[in-house]
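Here the structure is a predicted model, which is why all the values come from computation and not from measurement. Just so it is clear, the values below take in all heavy atoms, side chains as well, and ignore hydrogens, waters and symmetry mates.
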Amino acid sequence: WGTVGILYNTTMVDDPVDSWDILWDEKYAGKIVMYDSVRDSMAVALKRLGYSVNTTDDGELQAAAQKLKEQKPLVQQYVMDEIFDLMENEEAWIAPYYAGDFLTMAEENENLAFYHPSQGFNLFIDAMCIPSCCQNKEAAETFINFLCKPEIAGGNMDYLGYGTPETAAKEFMDPEVVASEVAYPSEETLSKGTSFLFLPASVNQRMEELWLQAKTD
């Protein structure tokens, strides 16, 4: 599991990074990158406005899309995993990104920092799934059980930087990672995180329409 927050370069960004507002700061025009993902980008705008990332209210969705439309002139580009290289190589200075990847990036660029916005953020959970058409369900379950062993889960999360739901795995991890407020935020910080819910198809379609308009208008 992990969280989404603000990734920024401390040598380029000299304003306090304490909310999503900085992604709309004209001072950093051309150095801001955003997710090329309707749900993730809408979530940032919704949280900035004080709304739930799982809202189904059309007025709130329109308001979030309007904020993204206003932000567009400041955005260098809309990307996904490319944020990793753009930020590490200092081609971009600010972006919403995953906490786990930040820990890996910071090893190569000590100028990078990460912050969980006070307005709230997405808390996500990755999963290992077995397709219904699986030819060998027992082997798949055995492999999942293997990955969930504390020593295996600890080694994987130590390498990836993301959080493990297996508490015993922390015994096999680097103490610095376990103590990291980025990898394992405090209960107070986590209380501001929200997981995405499965929304009705009509709401997803509406968000897609609004997102496309925000990027192309």
Review point. Sub-3.5 Å donor-acceptor pair from the side chain of Thr189 to the main-chain atoms of Pro185, do we have one?
Key: no

Review point. Under 6.0 Å from the six-membered ring centre of Tyr184 and within 45° of its axis: does the NZ or CZ of Lys170 meet both?
Key: yes

**Study point:** Polar side-chain atom of Asn204 near backbone of Leu199 as donor-acceptor pair, under 3.5 Å
**Key:** yes

Point to revise | Minimum side-chain heavy-atom gap Lys47-Thr194 below 4.5 Å | key: yes

Check your understanding: Any chance the side chains of Thr55 and Ser52 put a donor and an acceptor closer than 3.5 Å?
Key -> no

Check your understanding: Donor-acceptor pair, Thr164 side chain versus Ala169 backbone, under 3.5 Å?
Key -> no

Check your understanding: Taking it one step at a time, do Leu160 and Met157 satisfy side chain to side chain contact (heavy atoms under 4.5 Å, CB included)?
Key -> CA-CA 5 Å; Leu160 293 172; Met157 296 306 103; 3.7 Å; yes

Please output the side-chain donor-acceptor pairs of residues 147-156 that fall under 3.5 Å, not counting sequence neighbours, one pair per line with the distance.
none

Review point. For Glu141 and Asn145, does a side-chain donor sit closer than 3.5 Å to a side-chain acceptor?
Key: no

Practice item. Look only at the side chain of Asn109 and the backbone of Glu88, and say whether a donor-acceptor pair between them is shorter than 3.5 Å. Key: yes

Exercise for review: Report yes or no: do Phe102 and Phe84 belong to one cluster of Ile/Leu/Val/Met/Phe/Trp/Tyr joined by side chain heavy-atom distances under 4.5 Å?
Suggested key: yes

**Study point:** Aromatic contact, Tyr98 with Tyr35 (centres under 6.0 Å)
**Key:** yes

Practice item. Using a strict cut-off of less than 4.0 Å between a Lys/Arg side-chain nitrogen and an Asp/Glu carboxylate oxygen, indicate whether Asp217 and Lys72 qualify as a salt bridge. Key: no

Check your understanding: Going by atom types alone, do Asp101 and Tyr162 pair a side-chain donor with an acceptor below 3.5 Å?
Key -> yes

Review point. Can you find a pair of side-chain heavy atoms, one from Asp40 and one from Met80, that are under 4.5 Å apart?
Key: yes

Review point. Side chains of Asn54 and Phe196: closer than 4.5 Å at any heavy-atom pair?
Key: yes

**Study point:** Any donor-acceptor N or O pair under 3.5 Å, side chains Thr11, Asn9
**Key:** yes

